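None of the values given here were measured: they were computed from a predicted structure. Heavy atoms only: backbone and side chains are in, while hydrogens, waters and symmetry mates are out.
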Amino acid sequence: MNTIGGEIKIFSGNANAHLAQAITERLGISLGRAEVTTFSDGEISVNIDETVRGVDVFIIQPTCPPVNENLMEMLIMMDAFKRASAGRITAVLPYYGYARQDRKAKARDPITAKLVADILTAAGADRVLTMDLHASQIQGYFDIPVDHLLGVPILAKYFKEKNIADLTIVSPDIGSVTRTRNFSNHLNAPIAIVDKRRPQANVSEIMNIIGDIEGRNVILIDDLIDTAGTITQAANMLKEFGAKDVYACCTHPILSGPALERIQNSAIKELIVTDTVHLPEEKRNGKIKVISVAPVFSEAILRIHKNISVSKLFEW
């Protein structure tokens with residue numbers, strides 16, 4: 001539906017209300033009135049407290065832990081808006097959960113990234129706005145438009161302002177080399193690669209370092225940090241191989257299980273993350289610094305609403 005000149009309303013589930021509030025404040029509008037609660041048996045209940053007929057609706061809800069609960073909140077909210085005759089529904093997923101299962105790595109594997117894409121579309125999404133998918137080809141799993149924002153320029157800007165000398169950008173695995181190359185282009189620095197193998201999920205074994213990091217300051221970059229096993233093992237090995245200060249950054253700070261303890265006890269001097277996933281104060285130790293993605297998301301939402309190009313934001 002063409003929504004040019006129409007009304008825009010932004011709603012949020014419970015996953016990251018802080019980011020939703022920051023986005024609406026930048027846009028100069030109020031967050032839409034919606035109540036997302038649960039029945040005593042755990043079922044999710046959604047009440048939309050204002051009219052959305054013909055409105056351009058944006059729902060901000062990263063599918064971060066608890067993943068299943070946050071995903072169901074998003075699906076039920078979209079169903080409510082669809083049945084209330086919203087003009088267009090954009091699912092704003094700063095973090096897209098289930099993205100790590102994006103292919104069949106072995107026989108009888110599910111492809112959950114595709115499954116979630118199908119479910120979101122079936123629930124009523126007309127468009128998806130997200131950031132740093134685990135694999136860029138996930139955009140092709142959708143039969144609706146997808147705007148894929150990048151966190152690399154936001155993170156690179158922070159380190160550019162620090163003006164760190166003798167800098168090398170390090171990829172924690174072979175799969176992150178493209179992201180590392182893009183990051184290094186912003187900082188005009190060489191890259192190195194951590195060669196590793198992963199015997200099972202959330203367990204990694206580091207084998208070697210490809211590239212020169214001896215006597216240099218290094219920045220490890222990844223799209224997400226979950227249990228922090230990969231990033232902390234890489235940081236510790238970089239130190240053993242002669243690196244000076246070791247920094248790390250990622251777009252999505254999942255930080256589950258032993259992540260915080262591992263980071264605190266590792267060689268990482270500073271970890272820079274964004275607020276695509278809300279990080280409560282109790283999870284922020286002295287090493288972790290949070291940068292907000294509200295500016296880029298608010299600009300993207302405004303451009304989508306006005307039906308003007310979003311492409312320049314892909315290299316924010």
Side-chain angles (χ1 to χ4, degrees), residues 1 3 6-24 29-101 110-131 133-134 138-139 141-147 252 254 256 275-278 280 297 300-301 304-305:
M1 177 178 290
T3 56
E7 189 177 2
I8 179 174
K9 291 188 178 182
I10 298 176
F11 294 85
S12 174
N14 294 319
N16 198 341
H18 294 79
L19 177 59
Q21 189 65 48
I23 290 171
T24 53
I29 62 177
S30 299
L31 192 63
R33 300 193 306 274
E35 187 178 11
V36 183
T37 57
T38 56
F39 294 112
S40 60
D41 64 352
E43 289 184 7
I44 294 167
S45 171
V46 171
N47 290 303
I48 311 300
D49 296 330
E50 56 186 283
T51 181
V52 294
R53 184 175 295 273
V55 169
D56 197 7
V57 170
F58 292 81
I59 311 169
I60 300 172
Q61 179 79 343
T63 48
C64 53
V67 182
N68 298 332
E69 184 173 328
N70 288 330
L71 177 58
M72 282 304 299
E73 281 189 14
M74 170 64 91
L75 298 174
I76 294 171
M77 289 183 77
M78 284 195 295
D79 185 72
F81 288 121
K82 180 175 67 175
R83 296 177 187 279
S85 302
R88 179 174 63 181
I89 302 171
T90 300
V92 182
L93 300 157
Y95 169 67
Y96 184 80
Y98 280 109
R100 282 175 281 185
Q101 299 177 80
I111 305 180
T112 56
K114 167 62 174 170
L115 174 64
V116 171
D118 290 342
I119 294 172
L120 288 168
T121 305
D126 297 303
R127 192 179 195 98
V128 168
L129 174 62
T130 188
M131 175 173 275
L133 291 167
H134 190 62
I138 292 174
Q139 297 173 77
Y141 296 170
F142 289 89
D143 294 324
I144 56 177
V146 176
D147 293 303
H252 311 300
I254 306 302
S256 65
D275 58 351
T276 57
V277 176
H278 177 59
F297 270 96
I301 288 171
I304 291 170
H305 173 62

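We find the CG-CG distance between D275 and L19 to be 5.0 Å, quoted to the nearest 0.5 Å. Here I23 contributes atom CD1 and H18 contributes atom NE2; the two are 13.5 Å apart, rounded to the nearest 0.5 Å. How far CD1 of I119 is from CE of M72: 9.0 Å, rounded to the nearest 0.5 Å.
Shown here for V36 and G13, the closest heavy-atom pair between the two residues is CG2-CA, 4.4 Å. Listed here is the closest heavy atom pair of I48 and A34: CD1-CB, 3.9 Å. The shortest heavy-atom contact between S45 and N47 is OG-ND2, 4.0 Å. Between E43 and D41 the shortest heavy-atom distance is N-OD1, 3.1 Å. Contact detail for I10 and I301: the closest heavy-atom pair is CD1-CG2, 4.1 Å. Between H252 and T276, the shortest heavy-atom distance links the atoms ND1-OG1, 2.8 Å.
Counting only heavy atoms from C-beta outward, the side chains of T63 and V116 never approach each other to under 4.5 Å. In this structure, L120 and D118 have side chains that are not in contact, with every pair of non-hydrogen atoms separated by 4.5 Å or more. Contact check for M131 versus Y96: no side-chain heavy atoms found under the 4.5 Å cut-off. Between T90 and V128, the closest side-chain pair of non-hydrogen atoms is not below 4.5 Å. A 4.5 Å side-chain heavy-atom check between I59 and V92 finds every atom pair outside the cut-off.
Looking only at atom types and distance, the side chain of E73 has a donor-acceptor partner in the side chain of N14 under 3.5 Å away. Y98 and N68 share a donor-acceptor pair across their side chains, judged by distance under 3.5 Å alone.
Salt-bridge check for R88 with D56: passed, with a basic side-chain N closer than 4.0 Å to an acidic carboxylate O. Using a cut-off of 4.0 Å between Lys/Arg side-chain N and Asp/Glu carboxylate O, D147 and R127 are scored as salt-bridged.
Aromatic ring orientation, F81 versus F11: tilted (interplanar angle from 30° to 60°).
For D49, the CG atom sits in a packed shell: over 12 heavy atoms of surrounding residues, nucleotides or ligands are nearer than 6.0 Å.
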